[in-house]
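Please read these numbers as outputs of a predicted model, since none were measured by experiment.
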Amino acid sequence: MNNKIISLPLALVSIMGLSACDDTKLDKELSNIIEDQNLNDHPQRDLPSINDDIAQLGKKLFFTKALGGDFDSACVTCHHPVLGGGDDLSLSVGVSSNDEDLLGLGRIHMDGATESLPSVPRNAPTVFNLGLWDNSLFHDSRVESLNVVEGTNGASGDIRSPDSTFSTADNNAGRNLAAAQARFPVTSADEMRGFTFEAGNSNQDVRDHLAARIGNYGEGIADGIGANTWLTEFQTAFGGATAAEDLITYDRIAHALAEYERSMVFTDHPWQRYMDGDEDAISETAKKGAKLFFTTPENGGAGCVACHTGQLFTDEKHHTVAYPQIGIGKGDGTDGSDDFGRFRETGDADDKYAFRTASLLNIKVTGPYSHSGSMPTLESVVRHYVNQTKSTNDFVANQNGMGVCNLPQFEDMTNCATLYPNAEDNSRAALAKLKAEQTAGDSLVPENLALSDSEVDQLVAFLEALTDPCVEDRECLAPWIPTASQSVDNHQLNPEDAEGNAL
Ligand code: HEC
Ligand code: HEC
């Protein structure tokens, strides 16, 4: 306190004194929580730098449409650093778009010349902090470690993937979860492959063909990739003067994509700085939100930490939280528009409508939220935890900021309320599963979470404080974005937004 305060009227001094004292009390409580729950205790990880040669190669591969069967979609189509490592859309649009270089809002799936709804069934998660996952990738964990060792990103043993049956190893998965995952988007017709390239052939046929295209050898020559320097890039990254046939394999492509993704470590958020001792790093409101987040409902908190644990804010397990289901679906339910989540992998009825707990790092920039992108804002997510029935009703009625007509991707469509006719039934089915779990005492989602409006605001403020300032700063993200002159072939995707501005 400085001396001037002494000259203030007594009443004011005591008000200020009181609030300063409250402040300290809250900091003390949080410091106890941080210590008791070991919140600042993270495993050491061996992650690449974006300046490593293999990560640099991965960056260029991530941005080339040459990995899309019809040269019209790249990894970056749905995972751009400036778009939070995702695509800003509820549901992704890959091949057959209105403009292959337009990313984010305004990218529309085309059925011939007709605008149509996205054909990708789920929301694209961020690729930021990919190296921090130890158990699994994808919303249903269909790429998963069979020998989980914390801190290793799945590098400690076998990995199961869609190429192997449940709980058995995919012997070609590669060295970590990120590399195992990077083998699949190119095989998905809607994301990257298209509908004619290697149609009807195996995933490995697709990968081998793409590697041959990038290396311009064998069956890839006919694709005519055109002038490029891929061979030199691969030689720089992997060493030696090896010939393209031997050097440019899909295994190495996946490895390089993975190293690029694993170099995206964005964990220096205000809450981390607070835990490291900077008491001014987060606002008073966010501090109150933190207390709610890490305190059980029995003790007056919101109980979020029951599932959102650790440095990545996820237990990497599967839970039914019953966010509304929108989109074309995964082929489940009566008309195929439903998505049974983890059940699709395990076949266990308990897993129906369960999805992998999302990470909350950088959550401010990774919306819309949920596996189908049905939740427009952090406030809508928090209100869902307060009352899942009300949130579902609001969604169905397109009211209180919820519903398809309140999602930026669909809000301008005159028929937004009827775009997904089975969304109500599917969402209510997920809600019924959650209610049954809660009644049986099997759910970690509290039945009645009586949060006031200001407590909702506090939780939102805390969630926002989990965002590394770098991900909101184009300059800071520049090392992960190739410039036009870094283009290795004529297929680099140099993205624009709907207004034609470069991303
Ligand atoms: C058309 C959009 C699209 C394209 C193109 C695309 N992805 Fe994705 N990506 C998604 C969607 C949607 C998911 C979630 C799928 C699911 O969980 O079933 C996803 C999931 C992922 C994940 C899992 C993240 C996590 O937290 O589990 C990673 C990693 C990833 N993609 C990397 C890539 C790479 C590498 C490429 C290029 C080889 C690529 N993606 C191309 C849309 C896309
Ligand atoms: C029972 C476990 C559980 C609890 C408790 C829980 N969550 Fe979640 N959370 C999840 C799961 C699972 C998902 C992903 C659901 C999906 O994809 O459909 C999720 C998703 C989210 C998302 C969206 C992330 C994204 O990128 O889509 C946010 C934000 C979130 N939770 C915040 C919270 C907050 C705040 C609380 C406390 C009020 C909380 N969660 C309590 C399991 C839980």
Side-chain angles (χ1 to χ4, degrees), residues 48 52-71 73-76 79 127 130-131 137 143 153-155 158-164 169-189 191-194 197-263 482 487-492:
D52 293 354
D53 289 338
I54 299 181
Q56 283 292 319
L57 170 65
K59 170 169 83 172
K60 292 161 188 165
L61 288 164
F62 201 85
F63 276 73
T64 183
K65 290 177 278 187
L67 283 179
D70 299 329
F71 291 91
S73 177
C75 301
V76 75
H79 301 285
V127 290
L130 201 62
L137 294 177
V143 165
N153 196 213
D158 290 338
I159 292 173
R160 181 259 154 162
S161 86
D163 277 356
S164 58
D170 170 356
N171 293 324
N172 299 315
R175 60 186 77 198
N176 51 46
L177 290 170
Q181 192 283 335
R183 300 166 64 77
F184 291 93
V186 295
T187 69
S188 156
E191 289 187 5
M192 291 179 79
R193 189 184 56 127
F197 181 80
E198 291 287 333
N201 294 335
S202 72
N203 287 346
Q204 197 52 43
D205 287 336
V206 177
R207 298 177 189 125
D208 290 343
H209 188 155
L210 290 170
R213 171 193 285 178
I214 298 282
N216 201 30
Y217 60 82
E219 62 177 334
I221 295 173
D223 293 351
I225 185 168
N228 72 86
T229 52
W230 285 117
L231 182 57
T232 336
E233 297 286 337
F234 273 78
Q235 286 172 338
T236 307
F238 292 105
T242 320
E245 288 85 322
D246 301 316
L247 187 60
I248 304 183
T249 62
Y250 200 85
D251 287 353
R252 289 208 178 89
I253 291 174
H255 176 47
L257 289 169
E259 292 306 277
Y260 165 67
E261 295 172 313
R262 280 154 39 85
S263 75
S487 184
V488 179
D489 56 28
N490 290 322
H491 308 288
Q492 179 170 301

Would you name the heavy atoms of [X] and [Y] that are closest together and state the gap between them?
| X | Y | result |
| --- | --- | --- |
| Y260 | G58 | CB-C, 3.7 Å |
| I248 | I214 | CG2-CG2, 4.0 Å |
| L130 | L137 | CD1-CD2, 3.7 Å |
| P162 | V143 | CD-CG2, 4.0 Å |
| G174 | I159 | O-CD1, 4.3 Å |
| S164 | A169 | CB-O, 3.5 Å |

Please list all pairs meeting salt bridge (charged side-chain N to carboxylate O under 4.0 Å, His left out) that have one or both residues in residues 56-70, counting only residues at least two apart or in different chains.
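Applying salt bridge (charged side-chain N to carboxylate O under 4.0 Å, His left out) to every pair that reaches into residues 56-70, excluding sequence neighbours, yields K60-E233, K65-E100, K65-D101.
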Please enumerate all residues that pass salt bridge (Lys or Arg N to Asp or Glu O under 4.0 Å) together with [X], with sequence neighbours excluded.
| X | answer |
| --- | --- |
| E261 | none |
| D163 | R207 |
| E198 | none |
| D205 | none |

State which residues pass side-chain hydrogen bond (donor to acceptor under 3.5 Å, both in side chains) with [X]; sequence neighbours excluded, sorted by chain then number.
| X | result |
| --- | --- |
| T236 | none |
| D251 | R183 |
| S73 | none |
| N172 | none |

Do any N or O atoms from the side chain of H491 and from the backbone of I225 form a donor-acceptor pair under 3.5 angstrom?
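Here the side-chain-to-backbone pair exists.
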H209 and D223: side-chain donor and acceptor closer than 3.5 Å?
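Side-chain D/A pair, H209 to D223: present.
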Will you find, in the side chains of S263 and D52, an N or O donor that is under 3.5 Å from an N or O acceptor?
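No, D52 and S263 have no side-chain donor paired with an acceptor closer than 3.5 Å.
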Measure the acute angle between the ring planes of H79 and F62, then classify it against the limits of 30° and 60° as parallel, tilted or perpendicular.
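Plane angle between 30° and 60°, so tilted.
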[Y] and [X], any side-chain heavy atoms less than 4.5 Å apart:
| X | Y | answer |
| --- | --- | --- |
| F238 | L57 | yes |
| L61 | W230 | yes |
| D489 | T64 | yes |

Apply the test side chain to side chain contact (heavy atoms under 4.5 Å, CB included) to residues F71 and R213: give CA-CA distance (whole Å), side-chain angles for both, the deciding distance (0.1 Å), then the verdict.
CA-CA 11 Å; F71 291 91; R213 171 193 285 178; 3.5 Å; yes
Do I253 and L257 pass the side chain to side chain contact (heavy atoms under 4.5 Å, CB included) test, and can you show the C-alpha distance, the side-chain angles, and the key distance before you say yes or no?
CA-CA 6 Å; I253 291 174; L257 289 169; 4.0 Å; yes
Could you walk me through whether F197 and L210 satisfy the side chain to side chain contact (heavy atoms under 4.5 Å, CB included) test, starting with their C-alpha distance in whole Å, then the side-chain angles of each, then the deciding distance to 0.1 Å, before giving a yes or no?
CA-CA 10 Å; F197 181 80; L210 290 170; 3.7 Å; yes
Using 0.5 Å steps for rounding, measure from the CG atom of N228 to the CD atom of Q492.
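Separation between the atoms: 12.5 Å.
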What pairs with [X] under side-chain contact (heavy atoms from CB on, under 4.5 Å), at least two apart in sequence or on another chain?
| X | answer |
| --- | --- |
| A258 | N176, A178, A179, R262 |
| E245 | Y217, A243 |
| P185 | Q181, E191, M192 |

Do the numbers put R252 on top of the ring of F234, so that NZ or CZ is under 6.0 Å from the six-membered ring centre and no more than 45° off the axis?
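No, cation not above the ring by the 6.0 Å, 45° rule.
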